[in-house]
Amino acid sequence: MKEAHHGEGDKKTYKYGMVIDLDRCTGCGACMVACMAENNLPFRKDNSSRVRSNLWMRVYKISNGRSFPNADVSYIPRPCQHCEGRDHHHATPCVSVCPATATDYSHETGIVSQIYTRCFGCRYCMAACPYHVRIFNWWDPVWPKGMKKYLNPDVSVRMRGVVEKCSFCFHRLQRARDKAYAEGRRELHEEEYQTACTQACPADAITFGDLNDPHHKVYELKKNRNAFRLLEKLGTNTKVYYVSTRAWVRKAADAYTGNQGDIVIPG
Amino acid sequence: MKLDRRTFLEILIGFSAGAGGGFMLTPVNWKLMDDMAIWSQELWPRYQLGGLKGRLPQRGEVTHADTVCKLCPGGCGITVRKVEDRATKIEGRHGYPVNNGGMCMLGAAGLQLLYGPWRVPGPLKRSGARGTGSFGRISWEEAMDTVVQKLTDLRVKGEAHTVAAILDSDRGTVPQLFSRFLKAYGSPNFIRTASVDDTYELVLNLMQGTSGSVGYDLERANFILSFGSGLIEGWGSPVRVIQAHSKWRSGKVRDRAKVIQLEPRLSNTAAKADNWYPIQPGTEGALALGLAHVIIKESLYEAEFIQNYTFGFEDWSDVSGQTYMGFKRLVLTEYSPEAVSRITGVSASKIAELARAFATADRPLAVWGRGKGTASGSLNECMAVHALNALVGNINQPGGVSMRPEMATQPWPEVVQDGTALAGSNMPRVDGAGTSRYPFTKYLPDRWPQVMNGGKAGAIKALLVQGADPYFTTLDSASVARAFDHIPFVVSFSSYLDETAYHADLILPNHHYLERWEDMPTPVGLHKPILGLLKPVVSPQFDTRHVGDVLMTIAKSLGGSVADAFRWEDYESVLKETMGDKWDTLKEVGYAEEPDYTPPAGFATPSGKLEFYVSAFDQAGMKIARDVEYLPHYEPVKPEGDAAAYPLILIPTELMRLADSAVGNPPFCTKTLEENELQGNDLFVEINPKTAAEYGLSEGRRAMLATPKGKAKVLVNFSEGIMPGIIGIPKGLGHAAYDDYLAGKGVSANSLMGVVEDPISGLCATWGIRAKLTRV
Amino acid sequence: MDSASLPFDHALFPEGTKRCKLKWFLLWIAALHGPLTVGAIAAVLCWALALNVTNLNNNYPFGLWIAADLGIIALGAGAFFTGFLRYIVKIDELKNIVNYAVVIGVICYASAQGMLGVDIGQPLRGWFIFWHANVHSMLTEVAFCITCYFMVLCIEYLPLILENRQINKLGFFHGMAHHLHEAMPAIAAIGVFLSFFHQGSLGGVPGVLYGRPFAFREGFLVWPWTFFLFILSAIACGPCFTILITWITEKCAQKQLVKRNVLDILAKISGRLLAVYLVLKGIDTVYWIATAKKVGAPLGSFYANQPYGYWVLVLELGILGVVPMLILLSTKWRQNENLLILACFLNCAGIFMNRWIMTVQSRAVPVLSFDKFVPYAPNWVEYASTFLFVWAGAVVISISYRYLPIFPQEKELNPL
Ligand SMILES: Nc1nc2c(c(=O)[nH]1)N[C@H]1C(S)=C(S)[C@@H](COP(=O)(O)OP(=O)(O)OC[C@H]3O[C@@H](n4cnc5c(=O)[nH]c(N)nc54)[C@H](O)[C@@H]3O)O[C@H]1N2
Ligand SMILES: Nc1nc2c(c(=O)[nH]1)N[C@H]1C(S)=C(S)[C@@H](COP(=O)(O)OP(=O)(O)OC[C@H]3O[C@@H](n4cnc5c(=O)[nH]c(N)nc54)[C@H](O)[C@@H]3O)O[C@H]1N2
Ligand code: SF4
Ligand code: SF4
Ligand code: SF4
Ligand code: SF4
Ligand code: SF4
Ligand SMILES: [Mo]
């Protein structure tokens, strides 16, 4: 797939993104597992440490910090936010810092890719990402006997010492494109390119599509007056929108509370 | 000397300088660098994936195959993406009437169960002591011969009735084959593992005279009052219920459905609800009656329905002129909001408020069945909730309660029982179900271990287990273990090395659900008939056989009337014949349904009406003293243990990310558990910080959890979402079987819980147990 | 003296200097190899078993290694800065210490690169940073400048080797050394240019992270303020490090090697630069507090998580900043050797603390309000593999001191 240079040229540019309805999200975690299964994520006998385990999609459980019986919790599924950045000085945080150009912002699709075979594991990108999206491979992947059979050939397995993250299931876009081209089409239908987490979600909480395309559902959904993005103030200009009718949830998404400790049930 | 050293130095320096510089000038070192990089990118990962043999993951032609998930009673349609002959991904099947493309975490991890190391590789025979997990491979012939031998002996000795079978369900061809087998062989002991169905079937039978469990029209209800049901955690058919929830959450915020959760803990369901009313656990029934009180007092009930279609609402008198108390009087006298408030801890004003909101909503629905619905529960509690639904007249109505229907299938020829079979089948069941003591109850899955340990050690001499893991899922693990020790011959048909298989003498592994044919009857909790078909997606990965075929082979070898009962040549022909005219649709489409099904009106009770006053009790000739016993009333279920020694209350909590039924949690799912749920191998229990402070417990620290049934080391998780005085312990961990991805993690909640019998049904009404938590 | 009583290798010693017996020397070198081997083992573990053997995690992509890296390079600034003062500003007195400054510089920069070789997840591909260079990345700039400057340092170090008594006897090498000396001002100029840049870029590494309000700084053109602050702090402490190491060397050699007036020049300059730095750092801090607040990060949120309380600010800028500055500025205190060494030590410690704060603490502070702070402490593998380079440095210094004419004033101060 060739990439148009900063959206110039004859190629149409897309802006793939998500709108996640937190009123619907149940925290069930199907999206997490669907992602693991789709993208050949490794697992270990003990994954109980969040700071070492590998989740491309992580569902945070957040609390309003009030005491019984006024306590309330909400879930925030967090894939890569595929930050567009604001301007030259505020380009995609992780991409602009990668010394080896191993991660890259596609101005044609708006997707932040990760090239595992080029990454050499300096972890500067992780330092740059405020969303803890990027994961380092602290171990080589190991699958129990027989389990390699289910690995998805569309997604390469990653070796130790490299960083990885949610790719918006980029390989699915590639497949959809191949199919479209084969059928002599240039345009994809909305449902032809959907991410694994979106498809799995039993609550239909995740909607995925081209934020630029008025015919795609996300186009209208992101305009909801309860829609917000994580850490808007930083100017990362993310492509994942959230919707919640609960004010405290919207506030938690973009405001420091001073003492993080008391409003989070870590997840 | 000096000169030597000098020349020596000259040579040394000259040489090293020359060598170093020279090497840097050659391309060799650059080439080496590049080679090493490529090695790190390509060869190393390939080596990691099993050596250089071929490209891994293997690429190839991609195909898709539809089937049905069998990892829970949800019966979701799934589509499996395959590369050549490998299944590489499970996705929800679009347009499937149950889950329309949706998935749950467990279903999505199904391939880890298919290809996982915890599969049973082939027929296994126990070689060491029970529970040591030492087994030896044997041939299928030897395996089946062993079973035939054992069963023949028992039958000859006239002990056919001491053979029991435990299954996860009594619906569908496979369970039917087992009950047919027992009937032809001569045993009454077909046991179904516990679920809300046990009690709901009973309630619908007593109050409506119908046989079958419940179906809720969740999608069309718009005021959902849940009595502690884990609608989000996995009650009923999990994906279907979650999708209904999303429906409630769609449209204009103003017009959205209201969801009320009554539960002592801020579960996911409670968190998603519009209102969460923390309630003293075990008092849900009282609350239902409190609501009924307000609804009746303010005449907010469906007078028309109550008048024409119910019996026992008003006081009434029989032919002899004797008058009986009606539901109305009972409720008005006994269950004032104030009285109920004292029992439940929910304020009187909230009760009144809630009652009005419920009764005046246009499509109210009261949902019953604690948590995921894996426990039987209290008969009276269920009756009270059902009465509440009756009051608002939503029985058999859109958005209401009806009976779960099945698609019609072809009946099988009657079993011709020989003498042994007749004699055996007429013996009383080992669990006592159906006896004069429990005339209406079909199965008492939590009772048989108590019976065996209570002096009837010989009651079961051979146990067949299929689709269930009673050793793990039955309450009071210690007594279950003792009961198993009494059983000389345990056969498991499990595909996985689960707890029961681990303690079995013989394992005859069934195909994995993605490797076999089977029918999937209407999923639990549905109000419309749906018949799904499991089709093999991949060829069997191990030396397994379809349990249907194995059972029939055994039957045939047993000969006589047993063999005669199984004329089919193999399981596939059973399936084909049973599905009859639907077979072609099923093979083509994968399912059959009746989208515009409407529940039949009318009730098959003695009065032909929905009975608040259960006259069936009289017919069964049960000795019942007081009127109130015939009516839905509040019968407190006392938790085991005395308050002095055990000041706190332990309740099981169900996490949607932790499978707690017959299927062990796959690695992917365990990976999603939060840091305050599992840490290393240690399980967290939930407790309110206030209570914790009283007992000097500190967050994240170790503590000893003790109940009358056992004790376990746990970690303490402070939560503002749980009622003071209560401890929540997640179900699903504490496995010894499977392998180190699951075994040894956490403790089993069931090992700390006991069985409290419902006085009328005999079913397990346990909702919790007294406990104490001390720092260690 | 008759050559019999002299050490076996005395012919290699610098002209007219005295050194201990060879066996003592070898014993000392052997001793250093003890901890050095432990460090080597740690490094091998990282390569063989991957980085899970460390305490680093996804919340701490940067840990002890990176902090030490930045610290060491800052301390190494003594080399280029002394060179700058000696050859460009032409403070002639400094010729008596510039050699040693170079040796220390070589060690610092070699260590920094060695540490990175352990720190990155795929060392075999480390060179991709050059091959697939991304010009927008501060790290790329750092990598290129540091590598080039390291070469420069080696070239500066080379004449010292060539001036070894025996090697120097060889006409070719003698001439080579001579010519290199001629070219030294030019080489020093290149070094200065490169150094200013990578010291700055190192400041840019955290400074550009606008996703991390704790680290982010506004700036001038493409350079965040930290770019300039890092240069300044580096040259403010580099000379102090040179003094410190010289002092330690003298204690080990049990003789004075450099005249005090030479050290005093460095100390004085250090003190003044430190003063300027602290003023600018103060302004930066105030400005930073304001800009961070704009993006929703009140100062409190930065210091809400133990162990990183407000004391961090006080210690870094006060005790490890103002105190040494005052000592270094006052001629009277400076002349007092103990106070001088204390000041140098505090100054160097301050640099390490600053680098730790900018690289480690700045990652630790959660940005998402619902994210949770997790503490981090390096484990033995990280410590051992970091100190590995201290021991290696000691070996290089020992050998250099024994065989190379590093201290022009040694003979004069210690007549045989
Ligand atoms: N759909 C799809 N197809 C692809 C690709 C893709 O990305 N997608 N990638 C393409 C690319 S980049 C490549 S390189 C090719 C790789 O495709 P192939 O070249 O087919 O690579 P492998 O299948 O890994 O190896 C080929 C055979 O080499 C054998 N072999 C291994 N070691 C040795 C040896 O030492 N000697 C000999 N004689 N044989 C050995 C292996 O057993 C295997 O049977 O696949 C291409 N095909
Ligand atoms: N296990 C295993 N490992 C192998 C091999 C093997 O056979 N088995 N084969 C080796 C060989 S021969 C090769 S060539 C390598 C190939 O290995 P990789 O280079 O990893 O090739 P892919 O896995 O096809 O693609 C890598 C990632 O790039 C993404 N990608 C695809 N197109 C683009 C794009 O246009 N831009 C960006 N930024 N990203 C894109 C893909 O989604 C994928 O996640 O694998 C090597 N490693
Ligand atoms: S699958 Fe859907 S509902 Fe479940 S956690 Fe993910 S987003 Fe939420
Ligand atoms: S979320 Fe993090 S990883 Fe994803 S694009 Fe933004 S900065 Fe990069
Ligand atoms: S870790 Fe990999 S992707 Fe991240 S910055 Fe370093 S080289 Fe780039
Ligand atoms: S988009 Fe794809 S890669 Fe990203 S989280 Fe969802 S499933 Fe995972
Ligand atoms: S809900 Fe039950 S049936 Fe549906 S996918 Fe999950 S496990 Fe399978
Ligand atoms: Mo390749």
query: When heavy-atom pairs shorter than 4.5 Å are enumerated against chain A, which of B/G721, B/A87, B/C669, B/A109 gives the highest number?
result: B/A87
- request: Go through the atoms of B/L111 and report whether side chain, backbone, both or neither lie under 4.5 Å from a heavy atom of chain A.
  value: both
query: What distance separates A/C201 SG from B/I242 CD1, expressed to the nearest 0.5 Å?
result: 8.0 Å
field: Which portion of B/R265 sits near chain A, non-hydrogen atoms under 4.5 angstrom
entry: neither
Side chain, backbone, both or neither of B/I722 within contact of chain A (heavy atoms, under 4.5 Å): backbone
Nearest heavy-atom neighbours spanning B/H245 and A/D23: CE1-O, 3.8 Å
message: Under 4.5 Å from any heavy atom of chain B, what part of A/Y75 do you find: side chain, backbone, both or neither?
response: side chain
- line: So, the part of B/W276 with a heavy atom under 4.5 Å from chain A: the answer is side chain
query: Between the side chain of B/R86 and the main-chain N/O of A/L151, is any donor-acceptor distance below 3.5 Å?
result: yes
query: Hey, what do you get for SG (A/C28) to CG (B/L655), rounding to the nearest 0.5 Å?
result: 13.0 Å
query: Which residue out of B/G680, B/P278, B/G116, B/G102 racks up the most heavy-atom pairs below 4.5 Å with chain A?
result: B/G680
- request: Work out which heavy atom in B/T672 is nearest to a heavy atom in A/M36; give both atom names and the distance.
  value: CG2-CE, 3.6 Å
- line: Per-residue tally against chain B (heavy atom, under 4.5 Å) across A/D21, A/N70, A/D140, A/V162 peaks at A/D140
- prompt: So, are A/K45 and B/D740 salt-bridged, with charged N and O less than 4.0 Å apart?
  reply: yes
message: Quick one, A/R50 and B/E674 - any side-chain contact, counting heavy atoms below 4.5 Å?
response: yes
- line: In short, A/V33 meets B/M105 closest at the heavy-atom pair CG2-CG, 3.5 Å
- prompt: Counting N and O atoms only, with roles assigned by atom type, does the side chain of B/K671 sit under 3.5 Å from a partner on the main chain of A/N54, one being a donor and the other an acceptor?
  reply: yes
query: So which part of B/K745 gets closer than 4.5 Å to some heavy atom of chain A, the side chain, the backbone, both or neither?
result: side chain
- line: Of B/G92, B/P724, B/A270, the largest count of non-hydrogen pairs under 4.5 angstrom with chain A goes to B/P724
query: Is the number of heavy atoms from other residues, nucleotides or ligands within 6.0 Å of CD (B/E61) greater than 12?
result: no
Close aromatic pair by centroid cut-off 6.0 Å: B/Y741 and A/W143: no
task: Quick one: pull up CG in B/N676 and OG in A/S48 and give me the separation to the nearest 0.5 Å.
output: 11.5 Å
message: Within the structure provided, determine whether A/F43 and B/Q112 are in side-chain contact (heavy-atom separation under 4.5 Å).
response: yes
- prompt: What part of A/T26 is in contact with chain B, defined as an atom under 4.5 angstrom from a non-hydrogen atom: side chain, backbone, both or neither?
  reply: both
- prompt: Has the side chain of B/R249 got a donor or acceptor atom that lies under 3.5 Å from a matching backbone atom of A/L22?
  reply: no
field: Flag if over 12 foreign heavy atoms under 6.0 Å of NZ, B/K350
entry: no
Residues, nucleotides or ligands: over 12 heavy atoms within 6.0 Å of B/K690 NZ: yes
query: Using a cut-off of under 4.5 Å for heavy-atom pairs, which of B/Q243, B/Q541, B/Q679 has the most such pairs with chain A?
result: B/Q679
- request: Drop me the distance from A/S67's OG to B/E720's CD, to the nearest 0.5 angstrom.
  value: 5.0 Å
- request: Inspect the contact between A/E38 and B/R81 and indicate whether a charged nitrogen and a carboxylate oxygen are less than 4.0 angstrom apart.
  value: yes
query: chain B: which of A/K145, A/R172, A/R175, A/R246 shares the most heavy-atom pairs with it under 4.5 Å?
result: A/R172
query: What are the two closest heavy atoms between B/M103 and A/A30, and how far apart are they?
result: O-CB, 3.6 Å
task: Any chance you could measure B/L678, atom CG, to A/S49, atom OG, to the nearest 0.5 Å?
output: 11.5 Å
task: With a 4.5 Å cut-off on heavy-atom pairs, point out which of A/M159, A/R160, A/M147 contacts chain B the most.
output: A/M147
- prompt: Looking only at heavy atoms, what is the nearest atom pair of A/A34 and B/K89, with distance?
  reply: O-CE, 3.6 Å
task: Counting only heavy atoms closer than 4.5 Å, note whether B/T670 contacts chain A via side chain, backbone, both or neither.
output: neither
query: Going by heavy atoms in the side chains, are B/L266 and A/F68 under 4.5 Å from each other?
result: no
message: The test is side chain to side chain contact (heavy atoms under 4.5 Å, CB included); show your working for A/Q199 and B/T79 and say whether it passes.
response: CA-CA 12 Å; A/Q199 280 184 341; B/T79 301; over 6 Å; no
- request: Starting at CG of A/D46, measure out to CG of B/N681 and round the result to the nearest 0.5 Å.
  value: 7.0 Å
statement: What one should report as the nearest heavy-atom pair of A/A37 and B/A108 is CB-O, 4.1 Å
